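Report on one structure; see the data block that follows.
All figures in this text were calculated on a predicted structure; none of them were measured in a lab. Below, chain A is the first sequence line, B the second, and so on; all start at residue 1.
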Amino acid sequence: MEYIDKTLLTSFLEEAQELLDVIEQKLLELEKHPQDTELIHELFRAFHTLKGSSGIAGAITFQNIAHEFENLLEKIRKNELEVTSDLVTLFFKGTDALKEIAIYLAQKGYEPPLDQWVELLEEVRTSIPGRALSAGNQPNQSGGERITSFEGLYLLPLTFRLTVLKNMLGDSRSRVKEQDLGSKKQRLYVLGINCGTGIFERGLDPLRLALQGIETLGGRVASLTVLGDRLPSVNEFDPEKCYLPIILAFQIQIDRIETLLFELEFLADDADINLGYIDSIFELFSPDLAEIQLPSEEERQRLRALAEEAFWRIPDEGLEQRIDNFIALALSMYRFPFIKKSLFCEVVLLLALFRQIYGGKENLNQLIEDFRALLLEYANANHETVAELIAPREAARDIWECLQEEASGIEQICMGTSNLHESWSMSEEHCETSTSAGKATTVISSALSLKGESIRVDKHKIERLMDLASELILQKNGLEYLLKSLQKMVRDRELHYALKEQEQALTSVIRELQETIISLRMTPLRQLFSRFSRYVRDIAIKLGKEVELIFQGEETELDRETVERLYEPLLHLIRNALDHGLETPEERRRKGKEKTGRLIVKASREASAVFIDVIDDGRGIDLEKVKNKAIQKSLISVEEAEKMNDQEVMKLIFMPGFSTSESVTEISGRGVGMDVVQHTLMELGGYVNLHSVPDKGTTVRVVLPLTLLTTQVLVVEVSGEEIGIPVCDLERIAEAEEVIRFSATGKIANVGGHTLIVQDLASILGVASTRNKLQDRKAIVLRGGVCLLVDCISATEDLVVRKLTGELAGLDLYLGTAVRGNGRVLMIINTRSLREADTYEH
Amino acid sequence: MNIELRDGNLAINESLTIEDVKDAWNLILKNLSEIKTVDLNGLKDLDLAGMQVLLMLVHLKQDIKFIMPPTQGDPRFVLYSSNN
């Protein structure tokens, strides 16, 4: 059992969940449209990504299963396999297995063994035509042979080789050695990608793909070269075609290179991809060797003596002294004639290394030790191996010159160890880089934006941000109140205007700020809804029912946390609709209905609430059956049952332990569900309503509050008391006299063809009747047909509404309280509590 | 992409990617004689297709000068315009 790195695991699991949801959605579509090649490609890409990211995380069991299904899709892509309902079911089994592993991983931090899924893998393999039944074809064996020692490295441009060299020198000594200690062995690879001209037409950018792959696998690019020698003439040049071969040198953990190869498979159809590794500096230069002058025996003895002398230790004195000693050593070696032609290169290389690690004495002494060992090896080696060690003098000179140029800026060399993105910071300084005729090498930067535009933020930080924004609004309201008081005292009109302008600007910025903060938390319901498709399919098959599942209003947004918690309650509602609501095709036919039942999951927004309706066109709720079950389970007495109206009977369904199902099945009937639904929704600040018509169907409406930082509130006055009404609940404001004129009883008015229920706010609040005359009063017409009579309107304010807590939490009449700019607390009325009934589709 | 030619300076802002290269290349071809410098200060996104266009420009005008903030140049990333 191998624990997976926590950071890797978290991001992998998040990605896996998203991808598995997408896969299920696509599989459902594929079942309906088995010939849709785009769907097949999308599924292939999703499994491919899953395989890649699980490989990065080190989730091998997951990776193996994902790989098998990817293979299956590859066969489908090549038309070697036909999409059937059974095959789709097999894919669903695969996604179930992957989900199971993901859950296991999330709980335990390590994977279950692959053994559990041997049967599934066998089933996959037998589905592939011509594939052996034995458990061969292990995915991690497939790419090994593609990695070879890179031929002809010395033919690459010198500057490329130099940057690779710097990387090897810098990292091999300081950084990579440390990483090696963690048993994650790294290696320097060279990747050559030679694309066909049509690669851009496939929407692929090989460079970006390679860089992304390397980066996501934790690799580090050492050098990148784009070879321009294949560019055509101006007349033939088409900017939308690709003419540039790419060569990349990068360092990466050896065990991750396979995953990178899989990542690059997308390019394989249109590109030659060569991958090799560099294990020795000399591979970069030695093939240029023109002339080898081997040391004479006498020279070798002298060299041995030199290497064995005691002054190889670097003194403890200051840095300068240490450098001088080191250079003296190098120069003493250079006095050997054969070194002039052969070892010179190595001296230079080691000097280059020395530059980069000069800061640490420990490293320096290690370097000296290496140097000494190298000389001894050199002196003691036979002629053949010496030849292998000798580097060309020409190359050495180039290296030396290159290092000389950069001698002034050791930091610049160190840039090579910086992260790919770090170098793209903006600066106001400018420099010019000129190309020289004939030998036009132009350094143009690493302006490659690899990251997406989204980032993950700790939800507590967002909550803190919301709290701060609420506080800011309270402070602003207080300021507004003081400004108004000030304006009454100051007569300077210009100052008035200036203050007003400033106040408006502040209000505007705060409003935008709060909208932005709210949007951080919001997410459309689409993703939640899509998770039900697979479930409905499977349950419908199990129950022998035919169901058409329809989603509406998926773009409606809700707080992300609420959406996450809605899954279970909605699943219960859908399960009930499938099991209890919808009839079998035969029963439906008998009733004269379409044999396929309809299940609609519909989201909509009204004012400050979001409705989610689960609507079925099934048999409806049998109220008599509900009553009898409740009596049978001793939830109510016979007398109580007799007194109940329809709505009250329906509410019995929400009682703990209630179920009308005759038998307990894995789908429903255990008597848990609706009470859990109600409980969860109450925790979310919402509630659930039921509406049912026999043989027409049932609608279960989930009502949830919208997350709002501030609520625009209309402050009205009645009998000297101030009360707030959310502006979003208003339809219009009219004169009270006008409304009453259309009312025969004073309680119901018909205005413009609409029936209004007229209520005096004073009587609702239980305060003394107003002394205002009717013609002075206002009628506040709310959505849903309620008309409130108030004395006057005081103001409209943006307020932070806090829910009532403690004993007051049960007061349905109020939405909450808010602190106004003048410091007074205002009660906000819950207009939904004034309505008599909601409207439903049935 | 936001590409602008003023007083011989070709300023390429925001991006030079496959979506932009056709327009960029047409502009370069039409005004080749005028272009003296290429200002990449505002460039934030460059892909292979974009590099290709810049490389062609270098091929056509080998004395052209590129202007960019020094911090944006990373010695690990080098573009070659010859068989060097």
*Structural part of A:Ile199 lying under 4.5 Å from a heavy atom of chain B*: neither

*Does A:Glu240 reach the main-chain N or O of B:Lys22 with its side chain, forming a donor-acceptor pair under 3.5 Å?*
no

*Say whether, by atom type as modelled, one donor and one acceptor occur between the side chain of B:Gln52 and the main chain of A:Lys241 under 3.5 angstrom.*
yes

Give, for atom [atom1] of [X] and atom [atom2] of [Y], the distance between the pair rounded to the nearest 0.5 Å.
X	Y	atom1	atom2	result
A:Arg208	B:Ile18	CZ	CD1	11.0 Å
A:Asp205	B:Leu46	CG	CG	9.0 Å
B:His59	A:Ser233	NE2	OG	11.0 Å

*Distance-minimising heavy-atom pair for A:Leu207 and B:Met51*: CD2-CE, 3.3 Å

*Which atoms of B:Leu60 come close to chain A, meaning under 4.5 Å heavy atom to heavy atom: side chain ones, backbone ones, both, or neither?*
side chain

*Which residues from residues 25-35 of chain B are near chain A, with near meaning under 4.5 Å between non-hydrogen atoms?*
B:Trp25, B:Leu29

_So, using side chain to side chain contact (heavy atoms under 4.5 Å, CB included) as the criterion, who are the partners of A:Leu209 when residues are at least two apart?_
A:Phe266, A:Leu267

*Counting heavy-atom pairs under 4.5 Å to chain B, which of A:Pro206, A:Pro239, A:Cys195 comes out on top?*
A:Pro239

